[in-house]
Amino acid sequence: MNFTLSDTQLIQWESIVEFSRRELNANVRENDSKGSFPMENWKKCAEMGLLSLITPEQYGGVGEDLLSSALSIEAFSYGCEDGGLVHAVITQLCCIVLLSLYGTQQQKQNYLGRLSSGELIAAQSITEPDAGSDVLAMRTRVEGRDIGYLITGSKVFISNGPLADLVFVFAKSGEGKSSFGGDVSCLMVEKGSAGYSVGSPLSKMGLRTLQNSELFFDEVCVPEDMMLGKSGHGMFIFNECIEWERVFMTAAHLGTLERVLEKSVNYVKTRKQFGKEIGKNQSVSNKLGAMKMNLELGKLMLYKMAWLKDQGKRVPLEASLGKLFVSESLKSACLDAVQVHGAYGYMQEYDVERDLRDSVAATIYSGTSEMQRNIIASILGL
Amino acid sequence: MPADSKLMEFIKSDLARGKAVGNLQETDDLIGTEIMDSLGIMKLILFLEDNYSVKISDEDLTLENFSTIQSIHGLVQKKVNP
């Protein structure tokens with residue numbers, strides 16, 4: 001077992017951290033306050049190659065393995081203080097995974113290059129008002145027609161939804177709720193398609209620069225060649241891609257956790273009360289010790305699951321363990337960071353309150369912590 | 001050819017556990033009885049790949065291949081003895 005990162009991985013880490021700090025952190029507080037998406041920074045991320053990390057080289061990408069991509073995302077989230085932008089980039093990467101794994105050559109030719117260059121923005125459209133963790137309760141329907149497919153229904157909370165040029169929609173055919181998921185399909189819908197409309201951006205507790213909205217499909221007609229993978233294979237596609245998503249999200253959470261830890265360490269070493277640094281008090285230093293422990297454990301979990309995926313393995317257990325542990329560790333660390341910063345931590349100008357607001361979502365999206373525990377228990381045979 | 005006991009035991013003791021399915025037979029419909037749900041199929045795939053050293057591809061993921069214990073056994077046999 002070798003834990004050494006390659007020179008390329010280390011150089012890339014440094015380069016992404018330096019880029020993110022230099023280019024992406026100027027107006028984060030203001031954008032968060034307004035709920036504005038930083039389109040200029042999106043373009044900079046694309047130019048930096050962050051959107052093409054996993055895109056195969058023949059489609060203009062870097063073609064990195066998942067472990068190297070995870071390290072790059074960790075570096076990005078460590079350097080970039082805009083959690084909403086990081087989430088938007090990961091959403092794009094997840095759509096690129098969908099297309100890379102299941103797209104036809106023509107579909108890849110049509111979209112992969114433009115998604116990887118940031119010219120097109122993509123969204124995954126799964127969640128519905130009555131179908132969150134219970135994905136199979138979705139009501140959005142797809143019906144085969146002579147000319148292709150007809151999609152009817154609505155989705156909610158869709159990340160990148162208001163900006164998306166291309167939406168990957170999961171919809172059901174057939175009657176009733178198939179426990180197997182054999183009647184779910186994944187189709188691509190382009191912005192501007194007749195019957196497709198987008199709700200206003202939703203106001204959120206955190207991740208405010210990320211744009212989320214409802215999406216509406218009123219008998220949207222989709223050509224046959226916009227089906228991703230086979231008809232009825234949507235749940236298998238979903239199950240595979242959610243593992244990738246959990247690797248990406250875990251990597252981002254660890255990057256943020258490391259940044260929050262460093263900020264907290266620096267603060268408690270300079271803030272003095274009663275004639276000594278507050279970090280000399282064990283009630284403060286223990287919090288930071290726990291952050292460090294969780295950071296190191298989380299990295300081991302992340303690198304293992306990414307490595308396993310690179311070996312072509314399925315990782316439902318590892319992905320759930322990692323996502324659960326790291327997202328909960330991040331939320332806990334952000335709460336402690338506000339606490340050790342005292343009243344300053346509660347003020348917007350210290351930014352840790354924004355990290356805390358952002359971190360709450362980490363335990364909800366990509367499967368809530370409760371769902372991760374259910375999956376883990378089920379895999380244990382309970 | 002009857003399904004081997006390892007596969008039968010896994011489906012009975014894990015996937016069908018806690019579900020009112022009575023005395024499960026090799027030809028019983030696993031999907032209609034909701035023994036096989038979306039998490040169940042993921043667990044079954046892990047079980048098959050770990051225990052029979054086979055790789056279940058996306059092409060194999062059809063209702064026909066996973067509808068009964070018999071059909072799952074048939075899929076594994078095709079993989080083991082192509």
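First the proteins, then the strands, lettered A, B, ... as listed; each starts at 1.
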Participant: Any carboxylate oxygen within less than 4.0 angstrom of a Lys/Arg side-chain nitrogen, looking at A:Lys313 and B:Glu49?
Facilitator: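 No, A:Lys313 and B:Glu49 are not salt-bridged.
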Participant: Checking A:Leu150 now: which residues fulfil side chain to side chain contact (heavy atoms under 4.5 Å, CB included) with it, not counting sequence neighbours?
Facilitator: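 Per chain and number, A:Leu150 pairs via side chain to side chain contact (heavy atoms under 4.5 Å, CB included) with A:Arg145, A:Glu219, A:Cys221.
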Participant: Can you confirm whether A:Tyr102 is buried at OH, in the sense that more than 12 heavy atoms of other residues, nucleotides or ligands lie under 6.0 Å from that atom?
Facilitator: yes
Participant: Give a yes or no on whether A:Glu224 atom CD has more than 12 heavy-atom contacts from other residues, nucleotides or ligands under 6.0 Å away.
Facilitator: no
Participant: Counting only heavy atoms closer than 4.5 Å, note whether B:Ile45 contacts chain A via side chain, backbone, both or neither.
Facilitator: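 For B:Ile45, the contact with chain A is made by the side chain alone.
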Participant: List in chain and number order the residues that pass ring pair (Phe, Tyr, Trp, His ring centres under 6.0 Å) with A:Phe238, two or more places apart in sequence or in another chain; answer none if no residue qualifies.
Facilitator: none
Participant: Which region of B:Ile56, side chain (C-beta onward) or backbone (N, CA, C, O), has a non-hydrogen atom less than 4.5 Å from a non-hydrogen atom of chain A, or is it both or neither?
Facilitator: both
Participant: Spell out the residues in residues 365-382 of chain A that have some non-hydrogen atom less than 4.5 Å away from a non-hydrogen atom of chain B, in order of number; otherwise answer 'none'.
Facilitator: A:Ile375, A:Ser378, A:Ile379, A:Gly381, A:Leu382
Participant: For A:Gln311, does the CD atom sit with more than 12 other heavy atoms under 6.0 Å from it, leaving out its own atoms?
Facilitator: yes
Participant: Has A:His233 got a side-chain atom pairing as donor or acceptor with B:Leu61's backbone, closer than 3.5 angstrom?
Facilitator: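 Side chain of A:His233 to backbone of B:Leu61: a pair is present.
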Participant: Distance check, rounded to the nearest 0.5 Å: A:Glu240 atom CD versus B:Met42 atom CE?
Facilitator: 11.0 Å
Participant: Is the number of heavy atoms from other residues, nucleotides or ligands under 6.0 Å of A:Lys304 NZ greater than 12?
Facilitator: no
Participant: So, using ring pair (Phe, Tyr, Trp, His ring centres under 6.0 Å) as the criterion, who are the partners of A:Phe217 when residues are at least two apart?
Facilitator: A:Tyr196
